[in-house]
Amino acid sequence: MLAFDSSPPLPHGQMSLEQTAKNAPHGNESYTALVWRRLRRSWTGMIGLILVGLLLIMAIVAEFFAPMDPKATDVGFAPPQIMSFHDKDGNIVFQPRVYGQTESAELDPVTFQPVVGPDYDNPNRLGFFVAGAEYRLFGLIPANRHFFGSTTGQPVHFLGTDKFGRDVLSRAIVGSRISLTIALTVVFIVTVIGTTVGMVSGYFGGSFDTWVQRFVEVVLAFPQLPLYLALTSLIPVTAPTNVFLGFVIVVMSALGWAQMSREVRGKTLALARIDYVRAAMAVGATDRRIIFQHIFPNVMSHVIVAVTLHIPSVVLLESFLGFLGFAVKPPLISWGLMLQDTANYSVIGTYPWILAPVGFVLITVFAFNALGDGLRDAVDPY
């Protein structure tokens with residue numbers, strides 16, 4: 001006997017619940033695609049992702065985005081040059097330009113000094129992909145093209161210059177490479193050591209966990225700032241820059257993994273009592289398999305959030321130590337090292353543009369925090 005569907009026909013363009021469930025895109029969706037779909041719903045997470053991507057690209061090809069040679073000198077403490085779309089007669093022009101400062105024949109009625117104003121007779125025209133200072137792309141390929149700068153080869157300072165006449169914007173862009181390299185390297189080492197120690201300690205428990213946690217407490221008990229200053233001062237001033245940079249990374253990593261391990265241990269203690277972990281133990285799964293295939297995926301959401309929150313803290317720490325002169329030494333460039341020029345209040349009040357590296361630090365902190373918040377909701381929505 002034939003069976004007929006007695007349900008009423010649906011309007012054109014509509015599907016039944018069974019057809020909708022069958023055609024749903026998440027039926028065969030991978031976990032990575034599911035996380036990406038959830039992340040796209042968070043506008044703050046997407047803004048953070050875009051900013052982090054731009055920061056990483058800028059750090060990788062910093063010389064290309066820097067409008068000038070970061071080591072070239074010009075007039076010290078020159079003010080920022082404002083981009084203009086007007087010529088000297090006030091007419092609108094399509095090619096942007098900046099005007100240098102020049103002394104006029106007029107005298108100030110109070111100081112009797114020559115009045116300084118824009119030099120409208122010699123405009124410095126700007127453009128994209130212009131020829132400028134030579135550099136090596138990725139440290140290998142000779143190049144002289146810059147993303148944005150002067151088409152005439154004249155110096156241009158969008159954020160002014162420092163006390164030695166070096167372009168602040170170019171130095172901040174190139175300095176992002178060292179600052180982000182330190183942050184990413186330290187966080188990678190801290191994450192690997194802290195996650196491994198935390199999972200192993202929480203899984204085995206007993207006396208092993210007790211002794212490991214006592215050691216973690218000893219590391220956490222150290223006052224970090226005085227210890228940073230004491231350890232970094234052990235390196236001689238004449239030591240190579242690579243040695244000093246490596247020592248700073250080691251010191252930051254050695255003092256930063258303990259907090260991560262304590263957090264991961266707490267998550268592991270809860271996961272070790274879940275049924276699927278006990279079932280894996282019952283069927284004879286090895287400890288290594290249980291830790292890295294059953295517990296580790298479930299602590300990833302917390303690790304991702306901790307990583308994205310720890311990167312800004314390392315950037316701030318490097319900036320602070322660099323400001324004190326204990327992080328990066330010349331000729332390397334970092335945001336913290338650039339902030340040494342702001343040690344004098346009178347300098348800040350007279351030349352406020354030297355605080356430009358603070359803006360880069362704030363953008364970096366916001367980008368990673370926003371990305372971490374979006375990833376937290378995407379990886380573990382509950």
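Just so you know, residue 1 is the first one in the sequence shown, and it goes up from there. All values below were derived from every heavy atom in this structure, side-chain atoms included, with hydrogens, water molecules and symmetry-related copies excluded.
Looking at residues two or more places apart in sequence or on another chain, you find no ring-ring contact (aromatic ring centres under 6.0 Å, His included) involving F138. A search for side chain to side chain donor-acceptor pair (under 3.5 Å) contacts involving R214 returns E217, not counting sequence neighbours. For the ring-ring contact (aromatic ring centres under 6.0 Å, His included) test, no residue two or more places apart in sequence or in another chain qualifies with H157. Partners of Q154 according to the side-chain contact (heavy atoms from CB on, under 4.5 Å) rule, which considers only residues two or more places apart in sequence or in another chain, are N124, S150, T152. By the ring-ring contact (aromatic ring centres under 6.0 Å, His included) test, F148 is found to be paired with F128, F158, residues two or more places apart in sequence or in another chain being considered. Under the side chain to side chain donor-acceptor pair (under 3.5 Å) criterion, N122 pairs with D119, sequence neighbours left out. Legend: residues meeting ring-ring contact (aromatic ring centres under 6.0 Å, His included) with F77, ordered by chain and number and at least two apart, are Y351.
The two residues M83 and V98 have their closest heavy-atom pair at CA-CG1, 3.8 Å. In terms of heavy atoms, P357 sits closest to M338 at CG-CE, 3.6 Å. Here the closest non-hydrogen pair linking V174 and P70 is CG2-CG, 3.9 Å. For P67 against L169, the heavy-atom pair with the smallest separation is CG-CD2, 4.1 Å. What you find for E318 and S179 is that their closest heavy atoms are OE1-OG, 3.3 Å. Residue V156 comes nearest to D167 through the heavy atom pair O-OD1, 3.6 Å, listed as atom of the first residue, atom of the second, then distance.
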With a cut-off of 3.5 Å and sequence neighbours excluded, list every side-chain donor-acceptor pair involving residues 45-66.
from : atom 1 : to   : atom 2 : distance (Å)
E63  : OE1    : R177 : NH2    : 2.9
E63  : OE2    : R177 : NH1    : 3.0

Using residues 304-312 as the side-chain source, report each donor-acceptor pair under 3.5 Å to any protein atom, sequence neighbours left out, with the distance given to one decimal.
from : atom 1 : to   : atom 2 : distance (Å)
T308 : OG1    : I304 : O      : 3.1
T308 : OG1    : V305 : O      : 2.9
H310 : ND1    : S313 : OG     : 3.4

Just distance, no hydrogens or angles: give the donor-acceptor pairs under 3.5 Å from side chains in residues 191-206, sequence neighbours left out.
from : atom 1 : to   : atom 2 : distance (Å)
T191 : OG1    : V187 : O      : 2.6
T195 : OG1    : T191 : O      : 2.7
T196 : OG1    : V192 : O      : 2.7
S201 : OG     : D209 : OD1    : 2.3
S201 : OG     : Q213 : NE2    : 3.1
Y203 : OH     : D287 : OD1    : 2.8

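The closest side-chain heavy-atom distance from P79 to W353 is below 4.5 Å. Between N298 and H294 the shortest side-chain heavy-atom distance does not fall below 4.5 Å. Two residues are said to be in side-chain contact when any heavy atoms from C-beta on lie closer than 4.5 Å; I92 and H86 meet this criterion. The closest side-chain heavy-atom distance from R265 to V216 is not below 4.5 Å. In this structure, the side chains of W257 and V219 come closer than 4.5 Å at one or more pairs of heavy atoms. By the 4.5 Å heavy-atom criterion applied to side chains, Q95 and T151 are counted as neighbours. Put simply, the side chain of E134 does not reach to within 4.5 Å of the side chain of P142, judged on heavy atoms. At a threshold of 4.5 Å between non-hydrogen side-chain atoms, the residues R97 and F85 do not count as touching.
For the salt bridge (charged side-chain N to carboxylate O under 4.0 Å, His left out) condition, the pairs that include at least one residue of residues 332-346, sequence neighbours left out, are K163-D341. Pairs passing the side-chain hydrogen bond (donor to acceptor under 3.5 Å, both in side chains) check and including a residue from residues 41-62, sequence neighbours excluded, read S42-T44.
Taken together through direct or relayed side-chain contacts under 4.5 Å among Ile, Leu, Val, Met, Phe, Trp and Tyr, I363 and I173 form parts of separate hydrophobic clusters. Cluster membership check: F366 does not share its hydrophobic cluster with L180, using side-chain heavy-atom separations under 4.5 Å among Ile, Leu, Val, Met, Phe, Trp and Tyr. Residues V218 and V190 share a single hydrophobic cluster, defined by chaining ILVMFWY side chains whose heavy atoms lie under 4.5 Å apart. Note: the hydrophobic cluster containing V130 does not contain Y135 (ILVMFWY, side chain heavy atoms under 4.5 Å, direct or indirect links). By the criterion of side-chain heavy atoms lying less than 4.5 angstrom apart, applied directly or through intervening Ile, Leu, Val, Met, Phe, Trp or Tyr residues, V243 is not grouped with V251; the two fall into different hydrophobic clusters.
For the atom pair L271 CG and I290 CD1, the distance stands at 12.5 Å (nearest 0.5 Å). Atom CZ of R166 sits about 12.5 Å away from atom CG of D74, to the nearest 0.5 Å. Rounding to the nearest 0.5 Å gives a distance of 9.5 Å between CG of L316 and OG1 of T364. In this structure, CG in L159 is found 13.0 Å from CZ in R171, a value given to the nearest 0.5 Å. For the atom pair CZ (F208) and OG1 (T210), the distance works out to 10.5 Å, reported to the nearest 0.5 Å. The line from CG of L375 to CH2 of W36 is 10.0 Å long, rounded to the nearest 0.5 Å.
Within 6.0 Å of the OH atom in Y276, the count of heavy atoms belonging to other residues, nucleotides or ligands exceeds 12. In the displayed structure, R40 atom CZ is contacted under 6.0 Å by more than 12 heavy atoms of other residues, nucleotides or ligands.
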Apply the test side chain to side chain contact (heavy atoms under 4.5 Å, CB included) to residues V250 and S253: give CA-CA distance (whole Å), side-chain angles for both, the deciding distance (0.1 Å), then the verdict. CA-CA 5 Å; V250 170; S253 303; 5.8 Å; no
Should R38 and D377 be marked as a side chain to side chain contact (heavy atoms under 4.5 Å, CB included) after you check the CA-CA gap, both sets of side-chain angles, and the distance that decides it? CA-CA 8 Å; R38 290 171 176 168; D377 297 334; over 6 Å; no
Using the rule given for side chain to side chain contact (heavy atoms under 4.5 Å, CB included), can you reason through S176 versus W335, listing the C-alpha separation, both sets of side-chain angles and the distance that settles it, and then say yes or no? CA-CA 7 Å; S176 65; W335 294 333; 3.3 Å; yes
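In summary, the side chains of Y99 and D87 do not present any donor paired with an acceptor at a separation below 3.5 Å, with no hydrogens or angles considered.
Using modelled atom types, one side-chain atom of S170 and one backbone atom of M68 make a donor-acceptor pair closer than 3.5 Å. Judged by distance alone, the side chain of R145 and the main-chain N or O of F129 form a donor-acceptor pair under 3.5 Å. Checked by atom type and distance alone, the side chain of Q340 pairs as donor or acceptor with a backbone atom of G322 at under 3.5 Å.
Using a 4.0 Å cut-off between charged nitrogen and carboxylate oxygen, D373 and R376 count as a salt-bridge pair.
When each of V314, V358, V361 is tested with S319 by the rule side chain to side chain contact (heavy atoms under 4.5 Å, CB included), just one qualifies, namely V361.
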